[in-house]
Amino acid sequence: MPDSPFGDWDGTPAGARLLQQELAGQVVLSDDFLDLGLIAGVDVGFEEGGGVTRAAAVLLDANTLGVLAESLVRIPTSMPYIPGLLSFRELPAVLCALAELPRVPDLIFCDGQGIAHPRKLGIAAHLGVVSGLPTIGVAKKILVGTHAELGSQRGDQVPLMYRGEVLGAVLRSKDRVRPLIVSPGHRVSLASAPRLVMACVTRYRLPEPTRLADRLASRRA
DNA sequence: GCGACAG
DNA sequence: ATCTTGTCGC
């Protein structure tokens with residue numbers, strides 16, 4: 001049996017939660033990256049009524065946002081979706097897609113939460129710890145936390161609070177659109193995550209890395 | 001016990 | 001996430 005990206009996980013939801021608590025202790029929340037030349041976006045889609053997991057990874061030039069490479073992989077789905085345990089369902093495929101890219105990115109944008117998670121280990125944080133690479137979580141909905149009223153202009157943001165601490169930001173990437181939930185994954189600070197996301201937003205609600213990965217992953221075969 | 005609940 | 005066409009609005 002090939003080793004899973006989850007170490008000695010016993011396969012149970014309870015065991016997954018214990019592993020999350022352990023890995024959360026390895027997350028680095030300070031900016032720990034130099035030149036951002038390459039940024040990757042990753043996302044997952046499903047086929048066959050959910051039996052096949054399809055992961056997409058798109059590599060872009062951090063300065064021009066031009067696409068340098070793409071990868072798409074399909075593997076059998078191994079676990080159902082359980083709120084709070086998304087990474088155990090999607091990470092295996094995501095790691096395969098990333099491995100297919102011709103270069104290792106300097107930063108990865110992930111569709112889903114970073115540390116804005118019950119145990120501070122959303123899929124972006126989990127991906128960061130297992131890959132060792134800087135990551136940011138860009139979600140379309142809140143998993144946990146509350147926030148104050150948000151301004152309506154592009155770039156407006158308010159802190160996402162949970163159990164008395166700031167775990168991310170609710171960010172208006174465009175005028176008149178539902179805000180994005182942005183949180184650091186690994187090796188990126190709470191302050192930098194939103195600005196890095198805004199730096200990758202063009203004319204759409206989602207920043208280019210995840211928007212392109214999203215389109216590729218869900219594009220009907 | 002009663003809801004909430006990324007994708 | 002996915003099942004699904006056209007349609008209303010900026």
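Note: hydrogens, waters and symmetry copies are ignored here, and every other heavy atom, side chains too, is used. Values in this document were obtained by computation on a predicted structure and should not be read as measured data. Letters A, B, ... are given to chains in the order of the sequence lines, protein chains preceding strands, and every chain is numbered from 1.
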Chemist: Can you list every stem that DNA chain C is part of, counting only runs of 3 or more consecutive Watson-Crick or G-U wobble pairs with both distances under 3.5 Å?
Modeler: none

Chemist: Sort me out a list of protein N/O and nucleotides 5-7 of chain B N/O pairs below 3.5 Å, or just none if empty.
Modeler:
{"unit_1": "B/dA6", "atom_1": "OP2", "unit_2": "A/Y81", "atom_2": "OH", "d": "2.7"}
{"unit_1": "B/dA6", "atom_1": "O4'", "unit_2": "A/Q113", "atom_2": "NE2", "d": "3.3"}
{"unit_1": "B/dA6", "atom_1": "N7", "unit_2": "A/G84", "atom_2": "N", "d": "3.3"}
{"unit_1": "B/dA6", "atom_1": "N6", "unit_2": "A/G84", "atom_2": "O", "d": "3.1"}
{"unit_1": "B/dA6", "atom_1": "N6", "unit_2": "A/L85", "atom_2": "N", "d": "3.4"}
{"unit_1": "B/dA6", "atom_1": "N6", "unit_2": "A/L86", "atom_2": "N", "d": "3.1"}
{"unit_1": "B/dA6", "atom_1": "N1", "unit_2": "A/I123", "atom_2": "N", "d": "3.2"}
{"unit_1": "B/dA6", "atom_1": "N3", "unit_2": "A/Q113", "atom_2": "N", "d": "3.2"}
{"unit_1": "B/dG7", "atom_1": "OP1", "unit_2": "A/K140", "atom_2": "N", "d": "2.8"}

Chemist: Partners of A/R211 by salt bridge (Lys or Arg N to Asp or Glu O under 4.0 Å), sequence neighbours excluded?
Modeler: A/E208

Chemist: Would you say that A/L98 contacts A/I108 through its side chain, given a criterion of any heavy-atom pair below 4.5 Å between the two side chains?
Modeler: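 Answer yes - side chains close enough.
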
Chemist: Please list every donor-acceptor pair under 3.5 Å in which a side-chain atom of residues 58-67 of chain A meets a protein atom from a residue at least two apart or in another chain.
Modeler:
{"unit_1": "A/D61", "atom_1": "OD1", "unit_2": "A/N63", "atom_2": "N", "d": "2.7"}
{"unit_1": "A/D61", "atom_1": "OD1", "unit_2": "A/T64", "atom_2": "N", "d": "3.0"}
{"unit_1": "A/T64", "atom_1": "OG1", "unit_2": "A/G66", "atom_2": "N", "d": "3.1"}

Chemist: Look at the side-chain heavy atoms of Ile, Leu, Val, Met, Phe, Trp and Tyr, link any pair under 4.5 Å apart, and say whether A/Y162 and A/I142 land in one connected group.
Modeler: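 Each belongs to a different hydrophobic cluster.
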
Chemist: Between A/K120 and A/E165, is the closest basic N to carboxylate O distance under 4.0 Å?
Modeler: yes

Chemist: With the 4.5 Å side-chain cut-off for hydrophobic clustering, are A/F6 and A/L86 part of the same group?
Modeler: yes

Chemist: Between A/D43 and A/R215, does any NZ, NE, NH1 or NH2 come within less than 4.0 Å of an OD or OE carboxylate oxygen?
Modeler: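 No, A/R215 and A/D43 are not salt-bridged.
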
Chemist: Protein-nucleotides 7-10 of chain C N/O pairs closer than 3.5 Å?
Modeler:
{"unit_1": "C/dC10", "atom_1": "O3'", "unit_2": "A/R176", "atom_2": "NH1", "d": "3.4"}

Chemist: Which pair of non-hydrogen atoms, one from A/A193 and one from A/P184, has the smallest distance, and what is that distance?
Modeler: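 Residues A/A193 and A/P184, closest heavy atoms: CB-N, 4.2 Å.
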
Chemist: Strictly below 4.0 Å, N to O, side chains only: are A/D32 and A/R187 in salt-bridge contact?
Modeler: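 A/R187 and A/D32: salt-bridged.
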
Chemist: Any link between A/L206 and A/V188 through a network of hydrophobic side chains (Ile, Leu, Val, Met, Phe, Trp, Tyr) touching at under 4.5 Å?
Modeler: yes

Chemist: How long is the span from the CG atom in A/L127 to the OG atom in A/S87, to the nearest 0.5 Å?
Modeler: 9.5 Å

Chemist: Are A/H126 and A/F88 near enough that their ring centres are under 6.0 Å apart?
Modeler: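 Yes: the rings meet the under 6.0 Å criterion.
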
Chemist: Kindly give the atom pairs (protein nitrogen or oxygen, nucleotide nitrogen or oxygen) under 3.5 Å for nucleotides 1-4 of chain B.
Modeler:
none

